[in-house]
Amino acid sequence: MLYNLFPKIREMKIINYLRLIIDSIWTMIAIVALAACANIFAIEIPVYYTYVVIIILTVLFCDDMLSLLPIACASYMTFSKNNNPLDESQTSFFITNSGKTHMLVIGIIIAVFALSRIIFDIITKKERRSIPKLLLGFCLLGLAYIIGGIFTKSYSHRTAFFGLVQILTLSFSYFVFYFTVDWKRVKASYFATLFTIIGFMMVAEMLNLLIITDFFNSGVEYSRSLLYTGWGHYNNIGSICILTLPAPFYFAMTKKNGWMYAIIGVIFYINILLTQSRNAMLFGTIIIFITAFITLLKASMPEKQKLVICYFIILIVTSMCIIAFNEQLQLSFGSIFSRGADSSGRDQIYIDGIKQFFNAPVFGLGFYECQGPQWGINNVNDFLPPRYHDTYVQLLASCGLFGMLCYLYHRFETIKLFKNNYSAESIIMFITITSFILISIFDCHFFNIGPGFLYSAVLLLAEKTLHKNKTEAVN
């Protein structure tokens, strides 16, 4: 803002140098690397204050807020295993008065500067004033969340507030950055770059988690119940990992020696397998085969040959490793093999959800009627309620037919973003959204806070960058 209001600031070399640094890919990498460090070394508060400094400098001196999108996408994954507030040890810094005070101060500072910049840009940047394509869908979905359970005894300010928080987190990245970014300067590869970097962050966090829980201790059967961080357990980790899986294949389609990026995609897939989330493993396998095949079709002829060789070598090496380490793999993934296709009690949860829907078929019974299991230390007054482990059962039970219709309209709007666009970036973004839809069939990731930030970021980048590239192609 200051850069726009005071011409003399534009002449200061140090300010222009600062702007170049903030807008560079190295700042994006640093932001995501800091998120990984916060998670691994339990240094969340210092990292958050570093983010505050970056946010203040960006708001005051940069042309737009694009450099803050990585913070919106990665900050949720900063919470460390040591500071999980639901852990039975109850040693988390964030449940102490000091921790709560720090988070309150950080939240207020970020809110003041971010809101100031949003208002400033809407007032002064006429070219950024337009009606978002997904506005109506998000508004209808938000309305369904907020009034879910209305006209029943279950409805209260508590469930209405929770519904509000749900829609705000689900649409946060979309609306905040829609009006505060100069989309003319955003490259088509931005999405793939950001999500590939986040994918590496997930590899680092997962590797650290495996090391501290003795996953590599041969001769001992490993339990996936040990796989939890400060922001979620194996299913939550798997949901973020699968969102980053398609990104490297964009470069495999478009870059010379794209086979190297295909290998990165395989590493991300292995990371999904290591989460031992059956949901993520199932749909991750489907997604990587589809993405690898489409990459082969889209790549140039010389690159096709390299990719075929790469895929063949990967299959051979994978087969050899499975044969050579078969016994250890059975121990390392013992909790998966022993459980098999068991539903983990989901069958009864689904039945309960359907019954709840029939009790209030129009608007549901709100978000606090589910009696399903919940991880960690919980009580009936917790803000985060149990879930039905299925997005569609959750919608019907909590928001009724009205909620389901609003969701379907929102889904219709998102699909329209990709209509008649078969570019590499469009395909990869579509696969990313599809992977999120698939993984939400047997879980409620659509209602989880963390994936919501990434989900809305993908939709925003699809709307603004795909539309821009399509217009440029026409012109």
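Numbers for residues simply follow the sequence, beginning at 1.
A distance of 9.0 Å separates CD1 of Ile314 from CG of Leu307, quoted to the nearest 0.5 Å. Note that CD1 of Ile118 and CZ of Phe179 are 9.5 Å apart. Values are rounded to the nearest 0.5 Å. Note that CD1 of Ile197 and CD1 of Ile29 are 4.5 Å apart. Values are rounded to the nearest 0.5 Å. Interatomic distance, CZ of Phe412 versus CG of Leu136, reported as 11.0 Å (0.5 Å rounding). Atom OG1 of Thr291 and atom CD1 of Ile431 lie 4.0 Å apart (nearest 0.5 Å).
Side-chain contact, Thr78 with Tyr51: no donor N or O sits under 3.5 Å from an acceptor N or O. The closest side-chain donor-acceptor pair between Tyr222 and Gln276, if any, does not fall under 3.5 angstrom. Side-chain atoms of Asn279 and Ser277 form no donor-acceptor pair, as typed in the model, at a separation below 3.5 Å. A donor-acceptor contact closer than 3.5 angstrom links the side chains of Tyr49 and His102. Side-chain atoms of Ser223 and Ser225 include a donor-acceptor pair closer than 3.5 Å. A donor-acceptor pair shorter than 3.5 Å can be found between the side chains of Ser80 and Glu44. The closest side-chain donor-acceptor pair between Tyr178 and Ser130 falls under 3.5 angstrom. The closest side-chain donor-acceptor pair between Thr229 and Trp231 falls under 3.5 angstrom.
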Determine, step by step, whether Met320 and Val317 satisfy the side-chain contact (heavy atoms from CB on, under 4.5 Å) criterion, reporting the C-alpha distance in whole Å, the side-chain angles of both residues, the deciding distance to 0.1 Å, and the verdict.
CA-CA 5 Å; Met320 292 173 63; Val317 171; 5.5 Å; no
So Ile167 and Leu170, side-chain contact (heavy atoms from CB on, under 4.5 Å) or not? Walk me through it.
CA-CA 5 Å; Ile167 195 62; Leu170 188 68; 4.2 Å; yes
side-chain contact (heavy atoms from CB on, under 4.5 Å) evaluation trace for Val32 with Met202:
CA-CA 10 Å; Val32 178; Met202 295 308 303; over 6 Å; no
Given Phe195 and Tyr250, is the ring-ring contact (aromatic ring centres under 6.0 Å, His included) satisfied, shown in steps?
CA-CA 11 Å; Phe195 274 61; Tyr250 167 80; over 10 Å; no
Does Tyr269 form a side chain to side chain donor-acceptor pair (under 3.5 Å) with Thr285? I'd like the steps, not just the answer.
CA-CA 8 Å; Tyr269 172 64; Thr285 301; 2.7 Å; yes
Could you walk me through whether Phe289 and Ile294 pass side-chain contact (heavy atoms from CB on, under 4.5 Å), step by step?
CA-CA 9 Å; Phe289 275 104; Ile294 294 176; over 6 Å; no
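With hydrogens and angles disregarded, no donor-acceptor distance shorter than 3.5 Å links the side chain of Thr27 to the backbone of Asp23. Judged by distance alone, with hydrogens and angles left aside, the side-chain atoms of Lys304 form a donor-acceptor pair with the main-chain N or O of Ala299 at under 3.5 Å. Checking side-chain atoms of Arg129 against main-chain N and O of Ile123 turns up a donor-acceptor pair under 3.5 Å. The main-chain N or O of Asn257 is found under 3.5 Å from a side-chain atom of Glu303 such that the two form a donor-acceptor pair. Proximity of a side-chain donor or acceptor of Ser24 to a complementary backbone N or O of Ile21 within less than 3.5 Å is detected. No donor-acceptor pair under 3.5 Å is formed between the side chain of Ser435 and the backbone N or O of Leu243. The backbone N or O of Leu417 lies less than 3.5 Å from no partner atom in the side chain of Asn421, so there is not a single donor-acceptor pair. Proximity of a side-chain donor or acceptor of Ser239 to a complementary backbone N or O of Asn236 within less than 3.5 Å is detected. Judged by distance alone, the side chain of Ser426 and the main-chain N or O of Ser423 form no donor-acceptor pair under 3.5 Å. Under a 3.5 Å cut-off, the side chain of Asn83 and the backbone N or O of Ser92 do not form any donor-acceptor pair.
Between Lys416 and Glu413 there is no salt bridge, since no side-chain N of the basic residue sits under 4.0 Å from a carboxylate O of the acidic one. A salt bridge is absent between Arg117 and Asp64: the closest approach of a Lys/Arg side-chain nitrogen to an acidic carboxylate oxygen does not fall below 4.0 angstrom. Asp443 and Arg387 are not joined by a salt bridge, as no carboxylate oxygen comes within less than 4.0 angstrom of a charged side-chain nitrogen. For the pair Asp390 and Arg346, the salt-bridge criterion is not met [side-chain N within less than 4.0 Å of a carboxylate O].
Classified by interplanar angle (parallel below 30°, tilted 30° to 60°, perpendicular above 60°), the ring pair Phe177/Phe172 is perpendicular. Note: Phe442 and Phe283 have parallel aromatic rings, judged against thresholds of 30 and 60 degrees for the angle between ring planes. Between Phe430 and Phe418, the angle of the ring planes goes over 60°, which puts this pair in the perpendicular group of the 30/60° scheme. The aromatic rings of Phe447 and Tyr145 sit tilted relative to each other, their planes meeting at an angle between 30° and 60°. Taking the six-membered ring where the residue is Trp, Phe436 and Phe446 present tilted rings, their angle falling between 30° and 60°.
Heavy atoms from other residues, nucleotides or ligands lying under 6.0 Å from CG of Leu20 number more than 12. Dense packing is recorded around CD of Glu127, with more than 12 heavy atoms of other residues, nucleotides or ligands lying under 6.0 Å away. Within a 6.0 Å sphere centred on CD1 of Ile14, other residues, nucleotides and ligands contribute 12 heavy atoms or fewer.
Residues Arg278 and Ile336 have side chains in contact (heavy-atom distance under 4.5 Å, counting atoms from C-beta outward). At least one side-chain heavy atom of Ile56 sits under 4.5 Å from a side-chain heavy atom of Ile109. Side-chain contact between Gln305 and Val308: absent, with no pair of heavy atoms (C-beta onward) separated by less than 4.5 Å. Here the side chains of Phe138 and Leu459 are in contact, with some heavy-atom distance below 4.5 Å. Side-chain contact check for Thr465 versus Met429: some heavy-atom pair is nearer than 4.5 Å. Proximity of Tyr392 to Ile441: side-chain heavy atoms (C-beta onward) are separated by under 4.5 Å at one or more points. For the pair Arg19/Asp63, a side-chain contact is recorded, criterion being any heavy-atom separation below 4.5 Å from C-beta on.
Checked against the 6.0 Å centroid criterion, the rings of Phe268 and Phe200 qualify as a close aromatic pair.
Closest approach of Pro248 and Thr196 over heavy atoms only: N-OG1, 3.6 Å. What you find for Asn235 and His445 is that their closest heavy atoms are O-CE1, 3.3 Å. Between Thr432 and Pro246, the shortest heavy-atom contact is OG1-CG, 3.6 Å.
Lys81 forms a cation-pi arrangement with Tyr228, by the criterion of a distance under 6.0 Å to the ring centre and an angle within 45° of the ring axis.
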